[in-house]
Amino acid sequence: MNVIGYRDFPYDKIIEKWNKDYYDGVQPTQADSSTRTYELAMALRNITGYDPKLLNQIIPTYEGMTDALKAQKIAAAVNAKQTQMPTRLRDVLMELKAEFAENKQMMDAIDDMEAEDDLLYYKRLPQRCLAMGLRESAVVVKKPCVMPMLVYMAPLIGGLATNVRLSIDGKMNWLNLISYIEGDSGSNKGRMMVLYGLWMWQLKAEDKVTEQRQREYFQLLKKKKNAKEQPEEPVFKFRLIALNNTPANVATQLDALDNEHAISTTDEADEINAKWTGKEKMELSVMFRKAYDAAEYHRNAKSAEAARCHREHLKWNVALLGTQDALYRLVNQYTDGLQSRLAIGRMPDNTYARNDKDVTLTDMQMENIHNVAHLLRVMKGDLVLNKLEERSDTWTENIRLLSIKNADKALAKCRMRDHGIAMRIIACMMLCKVAEKLIKNYGLQGAEERLKQDDTLLQRMMAKEQTKGMLEAYDVMADYLIDNDLIYFRERLENSYDSKDHKHCCGLQPSRGKNSSIYESLPMTFTRTDLIEATRRFKGNDISENTIKQIIKNWKKSGLIVADDGKYRKTA
């Protein structure tokens, strides 16, 4: 009999290690076999291709489980929202990697499992959605980093397309975005800065001219230091604002701009943490939140020489790169709105990966990026993308229902802005599609002339870009964003939202996304006791009576259960 495994690694070794690590080797009993079957299927689905037949083969039929009930639990796990591999499964694989360090075949198999998981969202993303500029950018960062690349690039694209607005939830706003790409040291985050240089080439050249004018003014000021008449200080407009800066300088530079976006990036987010401290960090948080909303921002000062800023709409797009620790130093309040406005991308863990060489683009590839970036600056107009918004509404409603099933307040909260962030990112990708088509049809100069002459051209072309593939890309991006939110902030959000009733428990709940459903783990007909046991399994033992009451109330209100002779019957 052949051993069933992933490549050369037997699945039963993984299951054995799983039970040993999390249950001290104790096999499921009749009381918890249903929940543990579902839980195991939720973990193993990531390395079995979401194949219910394969899962049915490799997961034992535990005490109290019928074939039908086992199949039901496995089907529920396979059909649950896809997420990245749970932390607990990654931890199991890491332990097994240490055990089989001398076995090259086994090691390669585990490496392949992890690499496959890193490509989860990339494989779901329709590749035809990567337009000119983004395709070349994908070559630079390589496949596993395409999703974080898109999250990083969106603020830059939205900042270049500074005269484009998008309707979301009935409100028109610019493509304002603040992204944070998390990665350990040596995770190839630096490749994003290569892209920054390629996409910002025109703005960098213009800012360099402004910098030279500023330098000449300072030299003149130094020469006339003791003169009666001092030279009048010109207004120096920088589109690219360094974050290794004082709050006063940033405010002054933002105030100098007219109606164009300022754009900031850094390859070390701790530059902010080192420069902005105490009250200044709070001010930065306010500025980021207002920038996302393009809200009014005023910084007053009594002294004529002091920095001030008066913007009717603060237009400032920011793309940050940093470690997980730096992320937590930047975002240390979880209900003030900053965390929910961040678009978070995650670099894959390459700690034990083989050496990876950088890619050098050809002159034509670099020219493609330059041309798209140039054309984005010419685009203008208000966009109403009905099909994209309908897709967003559907995704948001599905997450709402899923959060009710899971009694998952953090998931419910994260959906409220992630749907809009995903819409803005997809709109940025669509703008690149439009740029590509115009350049291919008319050349760069011809494309620019048509955009300037026809005020409705962009709106018409963007409406046509609401293709099946682009709408699928919206789902992928929205899922990716909310998954990363939960990876980094679930525990902090839960503690902040419900500090009285919720206490952090280490137990069985993975921090890399919920990857569990109280509702799905229960049988079709269940008792209150069953619900309490399942809830404790997924949320920890510290469950209050009010939590159980709220779960039942929410499920009844949403039509997920009905009361039936002292028990509850699921309707979905």
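These figures come from a predicted structure and were not determined experimentally. For reference, positions follow the sequence shown, starting with 1.
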Partners meeting side chain to side chain contact (heavy atoms under 4.5 Å, CB included) with Asn188 (sequence neighbours left out)
Arg191, Met347, Asn350, Asp356
Taking the six-membered ring for Trp and the single ring otherwise, decide whether the centroids of Phe9 and Phe100 are under 6.0 Å apart.
yes
Tell me every residue that passes ring pair (Phe, Tyr, Trp, His ring centres under 6.0 Å) with Tyr6, counting only those two or more places apart in sequence or in another chain.
none
What's the verdict on side chain to side chain contact (heavy atoms under 4.5 Å, CB included) for Val562 and Tyr568, showing C-alpha distance, side-chain angles and the deciding distance?
CA-CA 6 Å; Val562 293; Tyr568 301 99; over 6 Å; no
To the nearest 0.5 angstrom, please state how far the OH atom of Tyr480 sits from the CG atom of Leu125.
11.0 Å
Asp336 and Arg289 ion-paired at < 4.0 Å
yes
Would you find a donor on one side and an acceptor on the other, under 3.5 Å apart, between the side chain of Thr323 and the backbone of Asp184?
no
Criterion side chain to side chain contact (heavy atoms under 4.5 Å, CB included) on Met423 and Leu385, from CA distance to verdict:
CA-CA 10 Å; Met423 278 189 70; Leu385 304 175; 5.6 Å; no
Within this structure, what is the CG-CD1 distance for the pair Leu338 and Ile178, rounded to the nearest 0.5 Å?
6.5 Å
Thr525 and Arg569 side chains, donor-acceptor separation under 3.5 Å
no
Backbone N/O of Glu389 and side chain of Tyr474: donor-acceptor pair under 3.5 Å:
no
Could you check Leu486 against Leu411 for side chain to side chain contact (heavy atoms under 4.5 Å, CB included), going step by step and ending with a plain yes or no?
CA-CA 7 Å; Leu486 297 176; Leu411 180 66; 3.7 Å; yes
Side chain of Arg45, backbone of Ala77: donor and acceptor closer than 3.5 Å?
yes
Counting only N and O atoms by type, is there a donor-acceptor contact under 3.5 Å from the side chain of Asp117 to the main-chain atoms of Met85?
yes
Kindly give the heavy-atom pair with the smallest separation between Cys145 and Met192, and that separation in Å.
O-CE, 4.1 Å
Give the minimum heavy-atom separation between Trp555 and Ile518, together with the two atoms involved.
CH2-CG2, 3.9 Å
Straight-line distance of Glu465 CD to Met429 CE, nearest 0.5 Å
11.0 Å
Taking the six-membered ring of Tyr121 as reference, does the NZ or CZ atom of Arg346 fall below 6.0 Å from its centre and within a 45° cone about the axis?
no
Treating Lys290 as the side-chain partner and Glu296 as the backbone partner, does any N or O pair qualify as donor plus acceptor under 3.5 Å?
yes
Do you see a donor-acceptor pair shorter than 3.5 Å between the side chains of Gln550 and Asn554?
yes
For Gly559, does its backbone N or O pair with a side-chain atom of Thr571 as donor and acceptor, under 3.5 Å?
yes
Determine yes or no for a side-chain-to-main-chain donor-acceptor pair under 3.5 angstrom, with Asn406 supplying the side chain and Asp408 the backbone.
no
Is the number of heavy atoms from other residues, nucleotides or ligands under 6.0 Å of Met416 CE greater than 12?
yes
Ring-face cation of Arg36 near Tyr23 (centre distance under 6.0 Å, axis angle within 45°)
yes
Looking only at the side chains, is there a donor atom on one of Tyr62 and Thr37 sitting less than 3.5 Å from an acceptor on the other?
no
Quick one: does any side-chain atom of Trp18 pair with a main-chain N or O of Val92 as donor and acceptor, under 3.5 Å?
no
Glu520/Lys405 salt bridge by N-O under 4.0 Å criterion:
yes
Taking atom types as modelled and ignoring hydrogens, do the side chains of Thr35 and Asp32 form a donor-acceptor contact shorter than 3.5 angstrom?
no
Within a reach of under 6.0 Å around CG of Asp67, are more than 12 heavy atoms found that belong to other residues, nucleotides or ligands?
no
What is the distance from atom NZ of Lys73 to atom OG of Ser521, rounded to the nearest 0.5 Å?
6.0 Å
Please step through side chain to side chain contact (heavy atoms under 4.5 Å, CB included) for the pair Lys281 and Asn273, ending with a clear verdict.
CA-CA 8 Å; Lys281 179 70 76 66; Asn273 297 320; 3.2 Å; yes
Counting only heavy atoms not in Lys387, do more than 12 sit closer than 6.0 Å to its NZ atom?
no
Flag the pair Leu44 / Leu54 as yes when at least one side-chain heavy-atom distance between them is below 4.5 Å, and no otherwise.
no
Donor on one side chain, acceptor on other, Tyr488 and Glu182, under 3.5 Å:
yes
Basic-acidic side-chain contact under 4.0 Å: Arg424, Asp169:
no
Using only atom types and a distance under 3.5 Å, with no angle test, would you say the side chain of Asn317 pairs donor to acceptor with the backbone of Leu175?
yes
Flag the pair Lys97 and Asp111 as a salt bridge only when some basic side-chain nitrogen lies within less than 4.0 angstrom of an acidic carboxylate oxygen.
yes
Presence of salt bridge, Glu494 and Arg490, under 4.0 angstrom
yes
Sidechain N-carboxylate O distance under 4.0 Å for Glu95, Lys20
no
Pair Tyr297 + Trp316: ring centers closer than 6.0 Å
no
Reported CG-to-CG distance for the pair Leu150 and Leu130, which is rounded to 0.5 angstrom:
6.0 Å
Describe, in one word, how the ring planes of Phe489 and Tyr328 are oriented to each other, choosing from parallel (under 30°), tilted (30 to 60°) and perpendicular (over 60°).
perpendicular
To the nearest 0.5 Å, what is the distance between CG (Asp91) and CG (Leu96)?
11.0 Å
Donor-acceptor check, side chain of Asn46 to backbone of Thr83, threshold 3.5 angstrom: yes or no?
yes
Does a side-chain N-to-carboxylate-O contact under 4.0 Å join Arg391 and Asp475?
yes
Cationic N near anionic O, under 4.0 Å, Asp293 to Arg341:
yes
I want to check a possible cation-pi pair here: Arg88 against Tyr22, using under 6.0 Å from ring centre and within 45° of the ring axis as the test.
yes
Donor + acceptor pair across side chains of Asn484, Gln84 (<3.5 Å):
yes
Do we get Lys570 above Phe526's six-membered ring, with its NZ or CZ under 6.0 Å from the centre and within 45° of the axis?
no
